[in-house]
Amino acid sequence: MDTIITRFPPSPTGYLHIGGARTALFNWLYARHNRGKFILRIEDTDAVRSTKESVDAIFDALAWLGIDYDEGPYYQSQRYDIYSAYVEELVASGNAYYCTCSAQRIEEMRQAAKARGENPRYDGTCREKGLPASSDAVVRFKTPIAGNTILEDVIRGNIVFSNSEIDDFIIRRSDGSPMYNLAVVVDDITMKINTIIRGDDHISNTPRQILLYRAMGANVPVFGHVPMVLGDDRARLSKRHGAMSVTAYREMGYYPDALLNYLVRLGWSHGDQEFFSKEELIEKFSLKNVGKSAGVFNPEKLLALNAQHIHSAPAERLAPHLLPFLSERGIDAREDKYLHRVICTLKARSKTFVEMAEGALFYYIAPQSYDEKGAKKFLQPENIEALVKLAYALSDQDAFDEKSLAPVFQKIMDETGLGFGKIAQPLRLALVGKTVSPGIFEMMEVLGKGETISRIQRCIAVLSGKSDASA
RNA sequence: GGCCCCAUCGUCUAGCGGUUAGGACGCCGGCCUCUCACGCCGGUAACACGGGUUCGAGUCCCGUUGGGGUCACCA
């Protein structure tokens, strides 16, 4: 078996969206699984719609996803001379011809066909004229009049197209720039791409491309058309379906591996398995298990999977992703032991990095105020005693982990007759300022003895002041 | 409209002629418990329809219906 060579050819007319990322992922996984090559190619032959910003956004998104490439990025806009050489060869071999029919004529032809209830297609006016090259001539491919072209799709099986359905399509514009089908085929030939995995919206283009491969005397690659991703209304994914750019998910605090995991499972399966690490994906991915029907993008399942990835990843791997969200909130935390411990207490209760960052704030900033409802319930004059006892007991405490802290609490519970909750909730308010937080002991351990006690004392002071004032 | 593709719980899917049709998300109960979560246990819910083929069809064939894609000097 030859080395598998796949590619991802986005056209830079906008951000990398979920569907594009999924196509890139399938190609990347297939190449990685087979120890082959994955090539990135920018299809920017549409000078009007292609932008540099889009190119950068695509690079940025791919890098974040961890989808790397072995070759490229190639830019079609820099390869016009190559396309022209192939086009001229096609003309020389009688497989293509110059056509001077005006756009207006073509349009009339189309309208007429429509009026007759027929399919709009080029009528072949210039097909046998043997016209020479000229500044206003386009080049058309001379499609065989009869016969069939068969697409042997590894995912869908054979699909037969009648050549009579295909008209003499343009392969080079009058300005000399190549059309999509021509550029793609020339690139895939010259880049030695032997496996093409793409969305099934490309199926109807494929016979034209196969015809082009044959006319150029090249081997036809293996094609695999994967089902598309739909919105919740079963329509093709678009902006109106909400956040669809890869970058948007980064901003919402998603973990790239989780997004990859979700995307690949939309259309591919490995038995009942739902959770995959990236390494596992590379190991287990195969085209055999790609389904044929379109799938609806489900943000809730993605969220659940994201939570699961965050829960199971080690703190060291999570930290770099969390940092930007902390700095967004004015905390210039650095990646250190403390951050890792912070993350460990937050992992299980965070579905996204946004949630994790919110939950981590109190570790870096002592509470400036206490949650109103919580204070009303747990920070009353009668709660002061427990906090005071706690502050004293804790200051005698050297070890600050759950095992050594638990007896301290037990002792106070015995002395005061209070239940654990009656001590823990006021303490939680003192430490966090809120009624929601990680477990009391793990939190104290991370915060450390000094910080824990000072926050308790601060709370006692506020409480005393309050009770004095209201007395 | 022509051509092409697709069809299992609401959603993603397993199934590859004989299953009580399985898992996951969601939803609904319960357990655990220092808050919130995590976790655990249980429940809800599907083979689009009609013909064949077969001793036997979710699985094979045909049709219907439904959904999607594509018909540019866009990619």
Q: Could you tell me whether the side chains of A:D187 and A:Y83 share a donor-acceptor contact shorter than 3.5 Å?
A: yes
Q | Residues A:R121 and A:D168 bridged, charged N to O under 4.0 Å | A | no
Q.
When the P atoms of B:rU53 and B:rC71 are compared, how many Å lie between them, rounded to an integer?
A. 42 Å
**Q.** Rounded C1' spacing from B:rA57 to B:rC74 in Å
**A.** 46 Å
Q: On RNA chain B, check which nucleotide each of A:R428 and A:G267 is closest to and give me the residue with the more 5' one.
A: A:G267
Q: May I have the distance from A:L418 (atom CG) to B:rC34 (atom P), rounded to whole angstrom?
A: 14 Å
Q: Please report, rounded to the nearest Å, how far the P atom of B:rG69 is from the CD1 atom of A:I159.
A: 16 Å
Q) Looking only at atom P, what distance separates B:rU64 and B:rC12, rounded to whole Å? A) 25 Å
**Q.** Distance between C1' atoms of B:rU13 and B:rA37 (Å, rounded)
**A.** 28 Å
(Q) Base, sugar-phosphate or nothing for A:G439? Non-hydrogen atoms, less than 4.0 Å. (A) base
Q: Nearest whole angstrom, please: distance from the P of B:rU11 to the OH of A:Y262.
A: 12 Å
Q) Under 3.5 Å, is there a donor-acceptor pair between the A:T345 and A:Y363 side chains? A) yes
Q: Write down the partner of B:rU54 under the Watson-Crick or G-U wobble criteria, each distance required to be under 3.5 Å.
A: none
Q: Give the rounded distance in Å between these two atoms: CG of A:L230 and C1' of B:rG66.
A: 13 Å
Q.
Under a 3.5 Å cut-off for both contacts, is B:rC71 paired Watson-Crick or G-U wobble with anything, and if yes, with which nucleotide?
A. B:rG1
Q) B:rG69 and B:rG30: how far apart are their P atoms, nearest whole angstrom? A) 44 Å
Q: Look through every strand shown and name the nucleotide pairing with B:rC49 as Watson-Crick or G-U wobble, where both distances are under 3.5 Å.
A: B:rG63
Q. With a 4.0 Å cut-off on heavy atoms, is A:P438 in touch with a base, just the backbone sugar-phosphate, or nothing at all?
A. base
**Q.** Side-chain donor-acceptor contact under 3.5 Å, A:R172 with A:S84
**A.** yes
Q: Grab the CG-P distance between A:L431 and B:rC34 for me, whole Å please.
A: 17 Å
(Q) At less than 4.0 Å, is any side-chain N or O atom of A:S437 found next to OP1 or OP2 of B:rU35? Yes or no. (A) no
Q | Modelled atom types, side-chain donor and acceptor of A:T23 and A:R198, under 3.5 Å | A | no
Q. Hey, does the Lys NZ or Arg CZ of A:R140 hover above the aromatic six-ring of A:Y122, less than 6.0 Å from the centre and inside 45° of the axis?
A. yes
Q. Just wondering, are more than 12 heavy atoms of other shown residues or ligands nearer than 6.0 Å to CZ in A:R173?
A. yes
Q.
Is there a side-chain contact between A:V87 and A:L182 in this structure, where contact means two heavy atoms from C-beta onward sitting under 4.5 Å apart?
A. yes
Q: Once you apply the 3.5 Å cut-off to both distances, tell me the Watson-Crick or G-U wobble partner of B:rC16, or none.
A: none
Q.
Are more than 12 heavy atoms, taken from residues, nucleotides or ligands other than A:K422, located less than 6.0 Å from that residue's NZ atom?
A. no
**Q.** Base-pairing mate for B:rC25 - Watson-Crick or G-U, with both contacts under 3.5 Å
**A.** B:rG10
Q) With respect to the phosphate group of B:rC12, does any side-chain polar atom (N or O) of A:R234 fall under 4.0 Å of OP1 or OP2? A) yes
Q | Pairwise P distance for B:rC16 and B:rG58, with rounding to whole Å | A | 14 Å
Q. For A:Q111 and B:rG1, what is the distance between atoms CD and C1' respectively, to the nearest whole Å?
A. 14 Å
Q: Classify every nucleotide of nucleotides 70-75 of chain B by which part a protein heavy atom approaches to under 4.0 Å, writing B for the base, S for the sugar-phosphate alone and - for neither, in 5'-to-3' order.
A: S-SBBB
**Q.** Atom-pair distance (CG on A:N163; P on B:rC3), nearest Å
**A.** 15 Å
Q | Inter-nucleotide P distance (B:rG39, B:rC62), Å rounded | A | 46 Å
(Q) For the P atoms, the ones on B:rG26 and on B:rG15, what distance do you get once it is rounded to whole angstrom? (A) 24 Å
**Q.** A:R349 (side chain) and B:rC38 (base): donor-acceptor pair under 3.5 Å
**A.** no
Q) Any donor-acceptor pair under 3.5 Å linking the side chain of A:N261 with the backbone of A:F276? A) yes
Q: Round to a whole Å and report the spacing from CD1 of A:I440 to C1' of B:rC36.
A: 12 Å
Q: Both distances under 3.5 Å, Watson-Crick or G-U wobble: report the partner of B:rA37, or none.
A: none
Q. Taking NZ, NE, NH1 and NH2 as the nitrogens, is one of them in A:D46 or A:R49 under 4.0 Å from a carboxylate oxygen of the other?
A. yes
Q: Starting from the 5' end of RNA chain B, give me the residue, A:D233 or A:E402, whose nearest nucleotide shows up first.
A: A:E402
Q) Taking the six-membered ring of A:F169, is NZ or CZ of A:R208 closer than 6.0 Å to its centre and within 45° of its axis? A) yes
Q. Side chain of A:I203: nearest nucleotide among B:rC5, B:rU35, B:rU13?
A. B:rC5
Q) If the sugar-phosphate is the primed atoms plus P, OP1 and OP2 and the base is the rest, what is the B/S/- string for nucleotides 21-30 of chain B, using protein heavy atoms under 4.0 Å? A) -BBBSS----
